[in-house]
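Before any comments, here is the structure.
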Amino acid sequence: MKEELFVTARSNALIDPSLHIWTWEVAMYLFLGGLTAGIMVFAATIALLKKDEEAPFAATKLALLAPVVLSLGMTTLFLDLEHKLYVFRFYTSFQVLSPMSWGAWILIVIYPVSILQILSTLRSGYPQASPYVDRFAIGRQVLDWCEANRRQIAMTAIPFGIALGIYTGILLSAFSARPFWNSGVLGPLFLVSGLSTAAALVALVARKHSEKVLFTRFDLGLIAAEVALVALFIINLASGTEQQLTALDSIMGGPYALVFWVLFVGVGLLIPLVLELLEIRGLARRVAIVAPVLVLLGGYVLRQVLIDIGQESNWTKYDTQYNAELLQRLRD
Amino acid sequence: MKRREFIKVSSLLGAGAAASPALLLGGCAAKPLPGTGTVSTTPTICDMCFWKCAGNVYKEDGEIWKITGNPDDLHSGGRLCTRGTGGPGAYLDRDRLKRPLMRVTIDGKQTFRETSWDVALDFIADKMKSIAATAGPERMLMLNHGAGSSHFRHLLRAYGSDSHAEPAFAQCRGPRDVGFRLTFGASASSPERTDMANARCIVLIGSHIGENLHNGQVQTLAEALNNDVTLITVDPRFSVPAGKSKYWLPIKPGTDMALLLAWMNVLITEDMYDKDYVERYTVGFDQLARHVRDYTPEWVYLETGIKPDVIRQTAREMAQAAPATVVHPGRHAVWYGDDTQRSRAIAMLNALLGSWNRKGGFYVPEKVSLPNYPLPDYPKPKARTADAYPGKWPFAGQGVTNGVIEASVGDDAYFKGWLVYGTNLPQTVPGIAQQLEAAANSLELVAVVETMPSEMTGYADVILPECTFLERYDDLRNSGERHPSLALRMPAFEPKYDSKPGWWIAKQLGKRLGLEAYFPWNDYAEKLDWQLKQVGSSLEEMQKIGVKNFPRKTPLYFRDGERVRFRTPSRKIELYSKQLADKGFEPMPVYTPPDPVPEGFYRLNYGRMPAHTFGKTVNNPLLFQLSPENQVWVNPLVANEWSLKNGDYVRLGGTNGVVSNKVRVRVTERIGPDSVFMAHGFGHKSKRLRLAAGVGADDTELMGNVKVDPIMGGTGLRASFVTFVRERA
Amino acid sequence: MTRFAMVIDTKTCIGCGDCVVACKTENRVPDGLNRDWIVEATQGKYPQLTTEFRSERCNHCSNATCVTLCPTGASHHWAGTNIVLVDPDMCTGCKACIAACPYDARLVMHPDGYIDKCTFCHHRVGEGLDPACVSSCPTRCMHFGSLDEPSSEVSRLLKTREYKVLSPETGNEPNVYYLI
Ligand SMILES: Nc1nc2c(c(=O)[nH]1)N[C@H]1C(S)=C(S)[C@@H](COP(=O)(O)OP(=O)(O)OC[C@H]3O[C@@H](n4cnc5c(=O)[nH]c(N)nc54)[C@H](O)[C@@H]3O)O[C@H]1N2
Ligand SMILES: Nc1nc2c(c(=O)[nH]1)N[C@H]1C(S)=C(S)[C@@H](COP(=O)(O)OP(=O)(O)OC[C@H]3O[C@@H](n4cnc5c(=O)[nH]c(N)nc54)[C@H](O)[C@@H]3O)O[C@H]1N2
Ligand code: SF4
Ligand code: SF4
Ligand code: SF4
Ligand code: SF4
Ligand code: SF4
Ligand SMILES: [Mo]
C-alpha cells in the first residue's frame with residue numbers, strides 16, 4: 001500500500017481537493033473567442049472569394065457579429081477575474097512569453113480590424129444603419145475608404161482571426177503544468193472548432209439556400225478535420241508522459257468519458273457530421289437546424305470538457321486526511 | 001440539599017451572536033510586509049501544554065502577531081512547537097469565556113446567566129465558609145492542572161485544605177514517577193531528565209516523541225538522530241519515531257513487561273550489564289538475576305511477537321552504547337494497570353545499563369533555590385487527601401483524581417465542595433461520567449476556573465473566566481533542568497472581555513474568606529519582583545530577558561566512582577523492592593498477559609497528534625485549521641472486513657455500551673489488525689466550542705475496561721476495546 | 001540570478017506542522033489558506049513500513065512557469081533572485097499562474113482576490129534572517145541559504161547528502177530540496 005496524504009489540512013480556495021479555478025466563464029470565453037475568429041475569417045473569405053451573391057449574409061452582415069460575440073466573451077472572461085478592479089493591468093505590460101498577454105493584446109487589435117470589416121459592407125449589409133454614418137462627411141469618407149479597401153481589410157482580418165482562434169488553444173497548451181492541455185494539437189483544434197462553429201452559425205441564420213448549402217459544406221470539411229485533430233490529440237497524449245496518460249484515463253473510461261465521447265464527439269461532432277452529409281444530399285431538410293445547433297453546442301462542450309479535465313490533471317496529487325468542510329466553521 | 005441537573009451547554013448558544021473572527025483578514029491589495037509596523041515584544045511562558053517553554057510575544061501596531069521561542073531557554077531551545085506557535089489562537093478564540101456565569105433556574109429549567117465578579121465571588125466564598133464551618137475546610141477539594149493552579153492551591157492551603165488531585169498523576173505520570181522513586185529514590189522529572197542529545201542508543205517504549213511534541217524531548221531526539229543514534233522503538237503502531245528507528249519492535253499491545261524482563265535476562269545471561277555500577281549502587285541484583293531467568297527471549301517471543309534474535313540484538317545495542325543509553329521512562333504511563341511495575345522494570349533496565357545519572361543516559365536536574373515570599377504559615381490541615389479513600393493505593397504520593405471523585409458522590413460523601421482549575425475532567429478521567437454527574441448533584445459547591453466553555457463548566461455552579469496566559473502574570477518557572485533557570489510569564493495584553501488573571505481571582509476570594517494576610521500584593525508583579533531580587537535579578541530585568549540562566553552548583557552526572565546516597569530506604573537503587581513487598585505487592589515486576597480481545601472488537605489505542613494538546617486546543621482557530629478532526633486508524637484488513645473506505649465516517653462502540661460520535665476512517669498500514677488508533681481530545685460535546693463541538697470521537701468515553709493500578713491508583717487506559725457501529729442509512 | 005534554496009531533511013522531519021503555523025502567524029495568512037503544508041508518504045505493509053514527512057511549499061523554481069505565463073508581470077522573480085513573488089497591485093486574478101504551477105503552490109487570497117504564495121519570507125531574507133518556517137522548526141530539519149555560496153549550509157548539505165526535488169520532470173528547476 002502507498003499512502004500519500006496531507007497531514008495538515010490544506011483546503012486552499014479553488015485549488016483543493018483539485019484545481020477548479022476556471023469554470024463556465026472561461027470555457028464560454030474560449031468558445032466565443034473561437035466563434036469570433038471564425039466569423040472574421042468567413043466574412044473575409046467570402047469577400048476575397050467574391051461570393052456575395054451566393055452568400056449575402058456572410059458577405060455583408062456576418063462581420064457585425066464579431067465584436068458583439070467577442071464582447072460577450074470578454075464579459076464572461078471579466079466575470080472570471082478574481083481581482084476585477086485590476087483588469088486594466090492586462091494593458092500596462094506586455095509579457096512576451098505569456099499567451100494570455102498576447103491574447104489580451106490581440107483582442108485589442110481585433111476590435112479595430114473587425115470594425116473596419118463591418119464598415120466595408122455597412123451600406124449593403126445594414127442599409128438602415130448606414131445613413132447615420134453617411135450623414136457626416138467624415139463618416140462618408142470612412143465608409144468609402146473601407147469599401148474601396150475591402151479586400152485589403154479582409155486580408156488583414158484573416159491572419160488576425162486565425163491568430164485569435166489559435167491563441168485560444170495555445171493559451172491552454174502552454175500550461176506544461178496541466179498534462180492534459182500540454183499538446184501542440186490544441187491550437188489547430190481550437191481554430192478548426194472555432195471555424196466550424198462560425199460556419200454552423202451562418203448555416204443556421206442565413207436565409208438563402210445557396211448560402212446554407214455553402215456553409216454546410218464548409219462545416220462538413222471542418223468537422224472532418226476536427227475529428228482528425230481530436231484523434232491526433234488523443235494519440236499525442238497517449239504517447240506522452242506518465243501524467244498525460246493518467247489524464248487521458250479520465251476520458252478513457254474515467255469520470256469524463258461520457259461527456260467527452262457522447263456529448264462532445266457523438267452529439268457535437270459525429271451526429272452533425274452525418275446530418276450535414278444528409279443535408280447536402282438534399283435529405284433531412286426538416287431537421288436542418290439541428291446540425292448547426294449541435295455543432296455550436298459541441299464547440300462549447302469541447303472547451304468546457306478540456307477546461308475541466310485539464311485542471312484536474314496534475315503532477316502532484318495527495319489524499320486529504322481531513323474533511324475540508326469543517327474549515328467552513330471558521331467563517332460561520 | 002439542592003439538586004443540580006447537568007446543563008446542556010447548548011442552552012447558552014443563543015446568547016451573543018458571533019463577531020467575525022479577528023483572523024479573517026480583509027483589506028486592500030497591497031498589504032504592508034509583516035513587521036513593518038511598530039513591533040514590540042513581551043516575554044511569556046507558553047501554556048499550550050505543560051512543558052512550559054519560554055518565548056516572546058510579538059505585537060505589531062498593538063495587535064498580536066506571533067509567538068516565538070526564547071533562544072536562552074532550555075525547555076524550548078529557542079523554538080516553540082506547533083501548539084506553542086499556535087498560541088495566538090488561544091487569545092483570539094471567539095468562544096472564550098467572557099464574563100462570570102452563575103447557574104440559575106428559570107421556569108424550572110437550569111441555565112447559566114452572566115453575573116458580576118462580586119456576585120460570583122461572594123457566592124463561592126459563602127459556600128466555602130459554610131463548608132469549613134459544617135464539615136471542615138479539608139472537605140473542600142481542588143482538582144487542578146496547569147501553571148495557574150498555584151494561586152488556588154495557595155488559597156486553599158491558607159483556608160485549611162490540602163486536599164487536591166490532578167490528572168497529571170493518576171491519568172499520566174503517576175506510575176512512572178512512583179516506579180522510579182521506588183527504584184532510584186527520585187523521579188524522572190518534568191522536563192524529563194533524559195540526556196538524549198548525548199545518547200548513543202535510545203529506547204522508546206510507547207513514547208511517541210514527534211507526535212508527543214514535548215519540545216525539549218523532540219529537539220534532543222532530533223539532535224540524537226543527527227548524531228546517528230541507535231533508536232529502538234517499541235510500539236504496536238508505526239509511530240513517527242518508529243519510522244526513524246534502526247529497530248522498530250511492533251510489539252503485541254500490553255506485553256511490554258515481558259520484553260523488559262527478557263532484555264534484562266539477556267543483559268545478565270550474556271554478562272553485558274554494568275557490573276561496577278550495579279555493585280556500587282544497587283541492592284537485589286541476585287534476586288533480579290533469579291527472577292528474570294525464566295523470561296528467556298524464546299519464551300517472551302510467544303507473548304510479544306518480537307523475535308528472540310531481535311530481542312538479543314537490541315539488548316546488545318543497548319549494552320554496547322551504555323552508559324550512553326536512554327531507556328526512556330515515557331510520560332503518559334497509565335496503560336494496563338501494572339504500570340508502576342512496568343515503570344520499575346524500565347528503571348531497573350537503566351540501572352543495569354548504568355545509565356542513571358551518567359552522560360548520555362540521565363542527568364541530575366538542578367533548580368534555582370528561590371525563596372518564598374514571606375507570608376504567614378498555612379494552618380495545619382486536619383487531613384491528607386488520601387484520607388478520602390483510606391487504605392487504597394499506598395504508594396500514591398499525590399491525590400488520586402479517580403479516588404477523590406468517587407469520594408465526592410452522595411450526600412454523605414467525604415468532599416463537600418470542589419474548586420476545579422484548568423482540567424476538563426469529563427474528557428480526562430475515564431469511566432467517571434456517572435460519578436461526575438452524581439457528584440455534581442450532591443456537592444455543595446462546584447466552582448470552575450476556566451478560559452474556555454469546556455465540558456467541565458457544564459457541571460459548575462459558578463464559572464469564573466480566567467484570562468489566557470498571554471494576559472497575566474503567573475509564578476516564575478523554576479523547573480529542574482541541565483542548569484538552573486528562571487522564566488517569566490507576564491501580560492502581553494490587557495485581559496480581554498471581563499476575564500481576570502488567576503492570582504487576582506484567588507486574592508479576591510482570599511479577601512472574602514478573611515485571608516488578606518496571605519495576599520499582601522496589589523499586583524502579582526510585586527511578589528515576583530521581591531522573589532527575583534532575592535536571587536540577584538528583578539522584575540525589570542526579567543521583563544527584558546524573559547529567561548535567566550544560573551550556573552550549576554552540583555555536577556550534571558555522577559562522577560566516576562562517586563559515593564551516592566539514593567533517597568530509598570536502603571540508600572541504594574532498589575532492584576529488589578522491600579517497600580513493595582512490605583505492603584504485599586510483588587517486589588519484582590511480574591508479567592501478566594493483557595486481557596484477550598473479545599470477538600469482533602479491537603484494542604483501543606490512542607495518543608497525541610502534533611497539532612493539539614488533548615482537547616484544549618481543538619477550538620483554537622489556528623490549530624483547528626491545521627487538524628480539525630481526529631481519525632480512527634484502521635488496518636486495511638480490518639477496513640476490508642467492515643467494508644470501510646478511507647474518508648468514511650463511522651461510529652465506534654465500547655464494551656461499556658457507549659457509542660461514539662462519528663469519526664473519519666483512515667485506512668493505513670501504520671496500525672496492526674488487532675487495534676484501532678485515534679488522537680485523544682476530540683468529540684467535544686460543549687456546543688459553545690463552535691469549532692470543536694461534535695467533531696471527531698472521544699476516546700475517553702469509550703473506555704470500558706479501565707485497569708486501576710493497585711500500587712498508586714493510576715487508571716490504565718490501554719486495556720479497552722471497541723468495535724464499529726454501522727450507521728443507519 | 002542569486003539562487004536561494006531550502007533544504008529539508010526528511011530523516012528528522014516529524015511532520016509536526018509547526019512550519020505551517022509559523023507561516024500563518026508570521027505572514028498573517030487568512031484562515032483556511034496555506035502557503036505551506038505537510039505531506040506524509042507511507043509505503044509497505046504492516047510491519048514492513050517506511051514513512052517520509054515532507055514540508056512543502058512553492059519551490060521558487062529557477063524556470064518558473066507561473067512567472068512565464070503571467071500576463072501582467074505581477075508574478076516575478078524578486079530582485080535578481082529565484083524568489084518568486086506576486087505583486088497584488090499588478091494582479092488581475094486571472095489565475096493563469098495557478099494553472100501554470102505544477103506544484104499547486106499558489107492560492108487565491110480570499111476575499112481580496114489577488115494571488116498569494118510562499119514568498120520564502122523575502123522580508124526576512126532581506127534582513128539576513130531565515131524564513132519563519134525554517135526558524136520555527138523544532139527539529140531544525142529545515143535549512144535556508146544561497147546555493148551560490150559554496151560554504152553555505154545548504155550547499156554543504158547538498159554536497160554531502162543524498163537528496164531529491166519534487167517532480168524534476170516538470171523542468172521547472174525547483175529549489176526546495178529534500179534530503180533522503
Ligand atoms: N502534541 C501533543 N504532545 C503532547 C501532549 C499533547 O496533548 N499533544 N501531551 C503531553 C503529555 S501531558 C503527555 S503525558 C505525553 C504523552 O506522550 P507519551 O508518553 O509519548 O505517550 P504514550 O501514551 O506513552 O505513548 C503513546 C504511544 O504508545 C503506543 N502504544 C499503545 N499501546 C502500547 C503498548 O501496549 N505498548 C507499547 N510499547 N506502546 C503502546 C501508541 O501506539 C502510541 O504511539 O505527551 C505530551 N506531549
Ligand atoms: N482518554 C484519555 N484520557 C486522558 C489522556 C489520554 O490520552 N486519553 N491523557 C491523560 C494525560 S497524559 C493528561 S496529562 C491529562 C490532561 O488532562 P487535562 O489537564 O484535564 O487536559 P485538558 O483536557 O486539556 O483540559 C485542560 C483544561 O484547562 C483549560 N485551560 C487551558 N488554559 C487555561 C488557563 O490558562 N486557565 C484555566 N483556568 N484553564 C485553562 C482548557 O480550556 C481545558 O478545558 O489527561 C489524561 N487523560
Ligand atoms: S512544548 Fe509546545 S505547547 Fe508545550 S510549552 Fe513548549 S511550545 Fe508550548
Ligand atoms: S516544523 Fe520541521 S519537523 Fe515540523 S513538519 Fe515542519 S519541517 Fe517537519
Ligand atoms: S512552485 Fe509553482 S508557484 Fe512556485 S515558482 Fe514554481 S511554478 Fe511558480
Ligand atoms: S492571477 Fe495575477 S499573478 Fe497570476 S497570472 Fe494572473 S495576473 Fe499574474
Ligand atoms: S518561507 Fe515564509 S512564506 Fe514560505 S512557507 Fe516558509 S514561512 Fe511561509
Ligand atoms: Mo500527561
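Order of the sequence lines sets the chain letters (A, B, ...), proteins ahead of strands, with each chain counted from 1. Predicted model, so just to flag it, every value in this text is computed and none were measured.
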request  = Could you tell me which portion of C:D87 (side chain, backbone, both or neither) has an atom closer than 4.5 angstrom to a non-hydrogen atom of chain B?
outcome  = neither
task = Could you tell me the separation between the CG atom of B:L622 and the NZ atom of C:K24, rounded to the nearest 0.5 Å?
result = 7.0 Å
inquiry  = In the structure I gave you, are the side-chain heavy atoms of C:L33 and B:Q625 within less than 4.5 Å of one another anywhere?
reply    = no
task = Identify which part of B:L80 has an atom lying under 4.5 Å from any heavy atom of chain C, answering side chain, backbone, both or neither.
result = backbone
Check: C:R140 and B:E223 side chains under 4.5 Å, non-hydrogen atoms = no
query = Under 3.5 Å, is there a donor-acceptor pair between the side chain of B:T85 and the main chain of C:A22?
reply = no
ask   = Would you call C:R28-B:E60 a salt bridge at under 4.0 Å N-O?
value = yes
ask   = Mind checking whether B:R79 and C:S136 have side chains closer than 4.5 Å, heavy atoms only?
value = no
note = Those residues of residues 149-164 of chain C that come under 4.5 Å of chain B on a heavy-atom basis, listed by number, are none
ask   = Any Lys/Arg nitrogen of C:E52 or B:K244 sitting under 4.0 Å from an Asp/Glu carboxylate oxygen of the other?
value = no
Heavy-atom pair count under 4.5 Å with chain B, highest-scoring of C:T12, C:D9, C:L49 = C:L49
inquiry  = Taking side chain as everything from C-beta outward and backbone as N, CA, C, O, which of these in B:I671 sits under 4.5 Å from a heavy atom of chain C? Side chain, backbone, both or neither.
reply    = backbone
request  = Find the one option among C:G17, C:C121, C:C91 whose heavy-atom pairs under 4.5 Å with chain B are most numerous.
outcome  = C:G17
Note, B:L213 side chain near C:I14 side chain (heavy atom, < 4.5 Å) = yes
request  = Let me know if B:R670 has heavy atoms under 4.5 Å from chain C in its side chain, its backbone, both or neither.
outcome  = both
ask   = Taking C-beta and beyond as the side chain, do C:Y46 and B:L637 meet within less than 4.5 Å on heavy atoms?
value = no
key: Heavy-atom side-chain proximity of C:T51 to B:F238 below 4.5 angstrom   = yes
